[in-house]
Amino acid sequence: EPSAPTLVAYAMLELRHPTETSAAVEVEEEGAIGNRNKKPKANFTMVERLFEEALLLDPKHGPVYNAYGNMELQRGDVAKARKVFERGENARCTDAASVYHG
């Protein structure tokens, strides 16, 4: 059975290097020469599920809240990010600083 750190690693890997099979949507990216390249977009539904599963396994694992909250910030959802960080504060993580600093 996977651990919380393992699930966070899977989620971060999907965010940084989306797999073509998990990417439901592709985004076009302008190349240096003007060519259009299709780049897979992260499957945020899967990533969110991985973070939530990690929190079920270990609700006091601060780096989960850090990665999850930062993902929401990067997506532009400040309200959701704030809720994730507040959940981390309320969980009384063993290393409280890890909620904000990974």
Side-chain angles (χ1 to χ4, degrees):
E1 192 165 306
S3 65
T6 302
L7 293 171
V8 171
Y10 282 137
M12 298 301 293
L13 186 62
E14 174 62 23
L15 286 173
R16 293 191 176 130
H17 304 285
T19 58
E20 300 216 13
T21 55
S22 71
V25 179
E26 292 184 343
V27 293
E28 289 187 6
E29 201 174 67
E30 186 81 31
I33 307 174
N35 296 333
R36 295 229 176 240
N37 299 319
K38 291 208 174 197
K39 177 183 175 189
K41 185 177 178 186
N43 182 337
F44 293 110
T45 303
M46 179 181 77
V47 172
E48 187 172 355
R49 192 177 61 231
L50 288 167
F51 285 138
E52 289 294 339
E53 188 175 342
L55 290 173
L56 285 173
L57 289 173
D58 186 357
K60 293 183 182 262
H61 188 65
V64 179
Y65 298 100
N66 178 275
Y68 192 0
N70 281 313
M71 177 195 75
E72 295 301 347
L73 280 175
Q74 289 176 354
R75 293 180 70 197
D77 195 341
V78 176
K80 191 166 184 180
R82 180 173 284 129
K83 287 179 184 177
V84 170
F85 289 126
E86 286 173 355
R87 283 174 62 191
E89 287 177 1
N90 294 335
R92 306 260 190 251
C93 297
T94 50
D95 179 11
S98 66
V99 172
Y100 297 103
H101 302 292

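Residue numbers count from 1 along this sequence.
Between the CG atom of Leu50 and the CZ atom of Phe44 there is a distance of 13.0 Å, given to the nearest 0.5 Å. Here CE of Met71 is found 6.5 Å from CG of Leu15. Values are rounded to the nearest 0.5 Å. Separation of atoms CG (Asn90) and CZ (Arg92) is listed at 7.0 Å; rounding is to 0.5 Å. Between atom CG of residue Leu7 and atom CD of residue Glu52 there is a gap of 11.5 Å, rounded to the nearest 0.5 Å.
Of all heavy-atom pairs spanning Ala4 and Asp58, the tightest one is CB-CB, 3.8 Å. Residue Ser98 comes nearest to Asn66 through the heavy atom pair O-CB, 3.4 Å, listed as atom of the first residue, atom of the second, then distance. What you find for Ala91 and Lys60 is that their closest heavy atoms are O-NZ, 3.4 Å. Here the closest non-hydrogen pair linking Cys93 and Gly88 is SG-O, 3.6 Å. In terms of heavy atoms, Ala81 sits closest to Leu73 at CB-CG, 3.6 Å.
For the ring-ring contact (aromatic ring centres under 6.0 Å, His included) test, residues two or more places apart in sequence or in another chain that qualify with Phe85 are Tyr100. Scanning for side-chain hydrogen bond (donor to acceptor under 3.5 Å, both in side chains) contacts around Lys80 gives Glu48, with sequence neighbours left out.
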- request: Just do the side chain to side chain contact (heavy atoms under 4.5 Å, CB included) check on Leu55 and Arg87 with the steps written out, would you?
  value: CA-CA 10 Å; Leu55 290 173; Arg87 283 174 62 191; 3.4 Å; yes

- request: Report the C-alpha distance between Glu14 and Asn43 in whole Å, list the side-chain angles of each, state the deciding distance to 0.1 Å, and finish with yes or no for side chain to side chain contact (heavy atoms under 4.5 Å, CB included).
  value: CA-CA 7 Å; Glu14 174 62 23; Asn43 182 337; 3.8 Å; yes

- request: List the steps and the verdict of side chain to side chain contact (heavy atoms under 4.5 Å, CB included) for Met12 and Phe51.
  value: CA-CA 10 Å; Met12 298 301 293; Phe51 285 138; 4.2 Å; yes

query: Between Leu57 and Glu1, does a side chain to side chain contact (heavy atoms under 4.5 Å, CB included) hold up when you go through it step by step?
result: CA-CA 10 Å; Leu57 289 173; Glu1 192 165 306; 3.7 Å; yes

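Other residues, nucleotides and ligands contribute more than 12 heavy atoms inside 6.0 Å of the CZ atom of Arg75.
The main-chain N or O of Pro63 is never found under 3.5 Å from a side-chain atom of Tyr68 such that the two would form a donor-acceptor pair.
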